[in-house]
Amino acid sequence: MARELFRILREEPENYDRSELDSMYEYLYEVFGDCTPQNYLPRSYTIRKWLSQNIPNDFRSEELTYVTDRGDLVRSKLEKMTADALYQLGIPYLYEKKVRVGYHDYLPDFTILDPNTGETVYLEAFGLMDQPDYAKRAIKKIHDYETAGIMNGENLISVFDCAASPFNQTIFREQMRRKFL
């Protein structure tokens, strides 16, 4: 079957409409992906498959009020700026994908697939650091991550915003470029 599809795609693509060709490519991607060791798969295939995960976003969904450049709904301006920078750089991310941290389930703001290594990196955007109770919860969350082996600066990125030190999207974009591209 795959051999026949390769022949059609090579010799007769004009005999098929775009949706039929797309279906053939999708099938070949699945066959290729299912029978190829993970570390030999094309990076684009791995990223596309990873991004296709269906992440239910029903936690306090009424707070999802900001629309990102990619079309996601997020909770804050800081999350929107973060998502837009990741998207513009082509860094694959999922929004609020549940992760088990110790005995707690957390929804990291962003789960990133490092396009170079295939490793998972979590990103938390802490935007209300001027509020003492929020800052305490943020510090506890970072501590919980580190207790579970998710280390800030390694597989956890934390960004902060407060009046004394506002988030700088230009600097963030450059840091993400250096880390992932």
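Side chains are part of it too, since the values below use all heavy atoms of this structure and drop only hydrogens, waters and symmetry mates. Everything quoted here is computed from the prediction, not taken from an experiment.
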Is Glu96 reaching over with its side chain to a backbone N or O of Asp109, donor-acceptor style, under 3.5 angstrom?
no

Heavy-atom distance under 4.5 Å between the side chains of Ile47 and Leu113, does that happen here?
yes

Which residues share a ring-ring contact (aromatic ring centres under 6.0 Å, His included) with Tyr95, sequence neighbours left out:
Phe110

Determine, stepwise, if the pair Thr65 / Leu73 fulfils side chain to side chain contact (heavy atoms under 4.5 Å, CB included).
CA-CA 6 Å; Thr65 56; Leu73 288 171; over 6 Å; no

Report yes if the side chains of Leu86 and Met176 come closer than 4.5 Å at any heavy-atom pair, otherwise no.
yes

Are Tyr106 and Ile150 side-chain neighbours, meaning at least one heavy-atom pair lies under 4.5 Å?
no

Verdict with reasoning, Arg43 to Asn116, per side chain to side chain contact (heavy atoms under 4.5 Å, CB included):
CA-CA 8 Å; Arg43 196 175 296 162; Asn116 297 311; 3.7 Å; yes

Separation between CG (Leu123) and CD1 (Ile91), nearest 0.5 Å, reads 9.5 Å

Do any pairs count as a side-chain hydrogen bond (donor to acceptor under 3.5 Å, both in side chains) and have a residue in residues 81-92, sequence neighbours left out, and if so which ones?
Asp69-Gln88, Lys80-Asp84, Gln88-Arg173

Residues Leu89 and Leu181: closest non-hydrogen pair is O-CD1, 3.6 Å

Identify the heavy atoms of Asp105 and Arg100 that sit nearest to each other, and give their distance.
OD1-CD, 2.9 Å

Donor-acceptor contacts, no H, no angles, side chain residues 153-162, under 3.5 Å, sequence neighbours left out:
{"from": "Asn155", "atom 1": "OD1", "to": "Met151", "atom 2": "N", "distance (Å)": "2.6"}
{"from": "Ser158", "atom 1": "OG", "to": "Asn152", "atom 2": "OD1", "distance (Å)": "3.0"}
{"from": "Asp161", "atom 1": "OD1", "to": "Phe167", "atom 2": "N", "distance (Å)": "2.7"}

Pair up each side-chain donor or acceptor in residues 126-140 with any protein partner under 3.5 Å, not counting sequence neighbours, and list the distances.
{"from": "Asp130", "atom 1": "OD1", "to": "Ala163", "atom 2": "N", "distance (Å)": "3.4"}
{"from": "Asp130", "atom 1": "OD2", "to": "Ala163", "atom 2": "N", "distance (Å)": "2.9"}
{"from": "Tyr134", "atom 1": "OH", "to": "Gly127", "atom 2": "N", "distance (Å)": "3.2"}
{"from": "Lys140", "atom 1": "NZ", "to": "Asp144", "atom 2": "OD1", "distance (Å)": "3.4"}
{"from": "Lys140", "atom 1": "NZ", "to": "Asp144", "atom 2": "OD2", "distance (Å)": "2.7"}

Closest non-hydrogen atom pair between Lys179 and Val121, with its separation
CE-CG1, 4.5 Å

Lys97 side, atom NZ; Ile112 side, atom CD1 - distance, nearest 0.5 Å:
12.5 Å

Co-membership, hydrophobic cluster, residues Tyr93 and Leu64, 4.5 Å side-chain
yes

For Arg178, the salt bridge (Lys or Arg N to Asp or Glu O under 4.0 Å) test, sequence neighbours excluded, returns Glu174

From CA spacing to verdict: salt bridge (charged side-chain N to carboxylate O under 4.0 Å, His left out), Glu79, Arg75:
CA-CA 7 Å; Glu79 289 179 352; Arg75 300 177 194 290; 5.1 Å; no

Run the side chain to side chain contact (heavy atoms under 4.5 Å, CB included) test on Thr117 and Phe180 for me, step by step, so that the C-alpha distance in whole Å, both residues' side-chain angles and the decisive distance to 0.1 Å come before the verdict.
CA-CA 9 Å; Thr117 65; Phe180 294 113; over 6 Å; no

Looking at every non-hydrogen atom in both residues, tell me the closest pair between Tyr122 and Pro108 and how far apart they are.
CD2-CG, 3.6 Å

Which pairs, with at least one residue in residues 111-129 and sequence neighbours excluded, count as a salt bridge (Lys or Arg N to Asp or Glu O under 4.0 Å)?
Glu124-Lys141

